[in-house]
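Reading through the structure tokens given below for one structure.
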Amino acid sequence: MVRTKAKITTANPTGYKPRRKRRYRPGTLALREIRKYQTSTDLLIRKLPFQRLLREIVQDLYNEGQLPIQPKFQSTAILALQEASEDFLVRMFCQVNDIAICGNLVTIQPKHVQLWKRLCFDK
């Protein structure tokens with residue numbers, strides 16, 4: 001009679017195999033996120049951090065003496081400023097992206113933003 005070694009299995013006794021985390025190709029998740037934000041009408045910047053930033057800017061202007069009184073803001077005014085600033089940023093990044101594409105680049109760089117500023121504001 002021939003003796004063989006018994007196989008020792010380290011398998012899970014329940015037979016459950018944990019799933020591997022799915023890895024997408026580079027850029028796939030970024031494109032999905034872009035499509036998600038393009039279809040939504042939600043604000044991209046959170047309301048409270050934007051409000052804090054706005055109040056900090058106004059406080060600095062007041063401390064420098066450029067504002068005679070410290071203004072108070074209605075919530076609708078803050079919302080309108082946030083809508084306008086987000087619209088400005090989205091348009092700016094679209095145009096800066098076009099500038100980067102003209103240079104056969106995929107990623108925007110600070111030099112593209114500087115060129116955009118020269119093209120838009122030097123008149």
Requested in this report: Show your working on side chain to side chain contact (heavy atoms under 4.5 Å, CB included) between F50 and E86 and close with a plain yes or no.
Outcome: CA-CA 10 Å; F50 182 81; E86 285 193 13; over 6 Å; no
Requested in this report: Indicate yes or no: at least one non-hydrogen side-chain atom of K117 is less than 4.5 angstrom from one of D122.
Outcome: no
Query raised in the report: Atom CD in Q51, atom CZ in F73: separation rounded to 0.5 Å?
Result: 9.5 Å
Please report, to 0.1 Å, the donor-acceptor pairs under 3.5 Å made by any side chain of residues 87-102, with sequence neighbours excluded.
from, atom 1, to, atom 2, distance (Å)
D87, OD1, R91, NE, 3.2
D87, OD2, R91, NE, 3.1
Q95, OE1, W116, NE1, 2.5

For residues 56-69, please give each side-chain donor-acceptor pair under 3.5 Å, one per line with the distance, not counting sequence neighbours.
from, atom 1, to, atom 2, distance (Å)
Q59, OE1, Q70, NE2, 2.3
Q59, NE2, N63, OD1, 3.1
N63, ND2, Q59, O, 3.4
E64, OE1, Q66, NE2, 3.2

Donor-acceptor pairs are to be reported for all side-chain atoms of residues 29-49 against protein atoms at under 3.5 Å, with residues two or more places apart or in another chain.
from, atom 1, to, atom 2, distance (Å)
T39, OG1, R35, O, 3.2
T39, OG1, K36, O, 2.9
S40, OG, Y37, O, 3.4

Report summary line: Nearest heavy-atom approach of T107 to H112 is O-CE1, 3.8 Å
